[in-house]
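A quick write-up on the structure given underneath.
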Protein chains: 2
Amino acid sequence: MSSVSADDDGHEPITRMKSRDRRELILEAATGVFGDYGYVGATTDQVARAAGVSQPYVVRMFGSKEKLFLEVLRRALDALLSTFRTVLAENSRTELPRYFGRAYVDLLNDRGLLLSLMHAFVLGSDPVIGRAAREGFLEVYEFMRNEAGFGPEQTREFLAGGMLINTMVGLRMSDEFDTNETVRELLTIALPEKLDLLLHLGKTQRPTSK
Amino acid sequence: MSSVSADDDGHEPITRMKSRDRRELILEAATGVFGDYGYVGATTDQVARAAGVSQPYVVRMFGSKEKLFLEVLRRALDALLSTFRTVLAENSRTELPRYFGRAYVDLLNDRGLLLSLMHAFVLGSDPVIGRAAREGFLEVYEFMRNEAGFGPEQTREFLAGGMLINTMVGLRMSDEFDTNETVRELLTIALPEKLDLLLHLGKTQRPTSK
DNA sequence: CTACTAAGTAATCATTCGATTACCTCTTAA
DNA sequence: TTAAGAGGTAATCGAATGATTACTTAGTAG
């Protein structure tokens, strides 16, 4: 969730914002909340609170919870792809996989981003979200094959590694890092360098109440 | 979901069963439903209908939706591990990875089994389900390392490949197989042989109403 | 037979949640 | 200065859902 004023509770001088800016704020908050609870599990009220606005405002601004999630998904994919494109532009072709890997793990800094993606990837049965999720995954696949010039097996390896990382994150496996030897082993294996990054995201904050 | 009398609607001579058997039936139905809609998205009523019993009966038999899901998760893990143990016992150590891979994909025959696992793996933030899911994943990891004798990198590769397959299934990517060239490419790459199996599971049946 | 137990349901309740409505109040252009 | 539009909320609604309660009825042991 937003690192600044996580619990934007109370009624501090809610400064009026241009709706574009407010929209941005809400999308960031929503990314965090959807990442933590999933599409179905998250409530528009949680998003509203995290963004410091009222629940009806969230719904009205995006039309529906579903449309809000679709925007979150879209933004997450854009962030992922644009990150990769930057990496692609700044590095030589050799060693590219390693750099992509690093960049991917770096995306964990944007709390909720990869988690929201992950949640979308499991919603294949949903008529509208499922379609969007499939198309999103395919975009990434096509980027690898066509833009980055990865071969089939190289692509498979990369995507598979990414899904393993996603799973570790989705499971909040890092929460158990210093209490469980096996977890340490697993995470060390699963994360290509950058283990420290995962660990310093802070233990998953658990809002006790919805 | 159950292949026989999928929609056990109406009030056909509901033969009374020993509760052990009924329990089994409900667990199978629940595996399918949870696989399709996820823990939060699935309703106890959907499970009940799929099992051909009333909703209160489902809740009473398992205590709560949460406990029901935990049992589904437990069974899925047991099925996975016992399958692997069988493979392990029947084959020589060399070529083991390939056989595990096949066995894993074969598990797709048990509709909902891998999907339910996948759904659990994304619930890390849930206090009780998250813990169970982490422990479950660790069981699989430890099996690979200790029982199957996989090395670290070999284990990583295997788990990563598994997560990629899970993602393809969760996304219902195969639904698009014959309408999208890229999907064909992706699935061919992602699935080590056994592609046909994934394709013949039947297009995800979509009950239009909950 | 009969009475008891286990299998199973109908009815209904309390909550939760997304959405809608009706309203308020800043900001700003003329 | 003021009207109007944009930013924003309080109140509330209806549907969905997990759970509970109070029953009914099929087996089955004696």
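Predicted model, so just to flag it, every value in this text is computed and none were measured. Quick note on labels: first sequence line is chain A, next is B, and so on, each numbered from 1.
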Could you encode protein contacts along nucleotides 20-30 of chain C as a string, one character per nucleotide from 5' to 3', using B for base contact, S for sugar-phosphate-only contact and - for no contact, with a heavy-atom cut-off of under 4.0 Å? B-B--BS----

Between B:S64 and A:Y57, who's closer to the 5' end of DNA chain D by nearest nucleotide? A:Y57

I need the CG-P distance between A:D45 and D:dT9, as an integer number of Å. 12 Å

Salt-bridged, B:R23 to B:E71, with N to O below 4.0 Å? yes

Starting at CD of B:Q46 and ending at C1' of D:dA16, how long is that distance when rounded to a whole Å? 11 Å

In terms of side-chain heavy atoms, does A:N146 have a donor or acceptor partner in A:Y141 at a distance below 3.5 Å? no

Identify whether any heavy atom of B:S19 sits under 4.0 Å from a base atom; if not, whether one sits that close to sugar-phosphate; answer base, sugar-phosphate or nothing. sugar-phosphate

Just the rounded figure in Å: distance from P of D:dG27 to CG of B:D21. 14 Å

For residues A:F100 and A:F150, establish whether the separation of their ring centroids is below 6.0 Å. yes

Carboxylate-amine/guanidinium proximity below 4.0 Å for B:E176 and B:R184: no

Between the two ends of the helix from C:dC1-D:dG30 to C:dA30-D:dT1, what is the bend in degrees, rounded to 10 degrees, where each end axis spans five pairs? 0°

What is the distance, rounded to the nearest whole Å, between atom CG of B:L25 and atom C1' of C:dA7? 14 Å

Between A:R172 and B:S125, is there a side-chain donor-acceptor contact under 3.5 Å, judged purely by atom types and distance? yes

Protein-nucleotide distance (B:R20, atom CZ; C:dA6, atom P), rounded to Å: 13 Å

Do B:D110 and B:R75 sit within salt-bridge range, that is, some charged N less than 4.0 Å from a carboxylate O? no

Salt-bridge contact B:R74-B:E139 (side-chain N to carboxylate O under 4.0 Å): yes

Reckon A:T44 has a side-chain N or O less than 4.0 Å from the OP1 or OP2 of C:dC17? no

Before giving the answer on side chain to side chain donor-acceptor pair (under 3.5 Å), spell out for A:Y99 and A:E90 the whole-Å C-alpha distance, their side-chain angles and the decisive distance to 0.1 Å. CA-CA 10 Å; A:Y99 291 131; A:E90 290 177 351; over 6 Å; no

Nucleotide D:dG7, atom P - distance to CZ of A:F62 in whole Å: 13 Å

Carboxylate-amine/guanidinium proximity below 4.0 Å for A:D126 and A:R131: no

Can you tell me how far C1' of C:dT9 sits from CZ of B:R49, to the nearest Å? 14 Å

I need the CE-C1' distance between B:M61 and C:dT9, as an integer number of Å. 14 Å

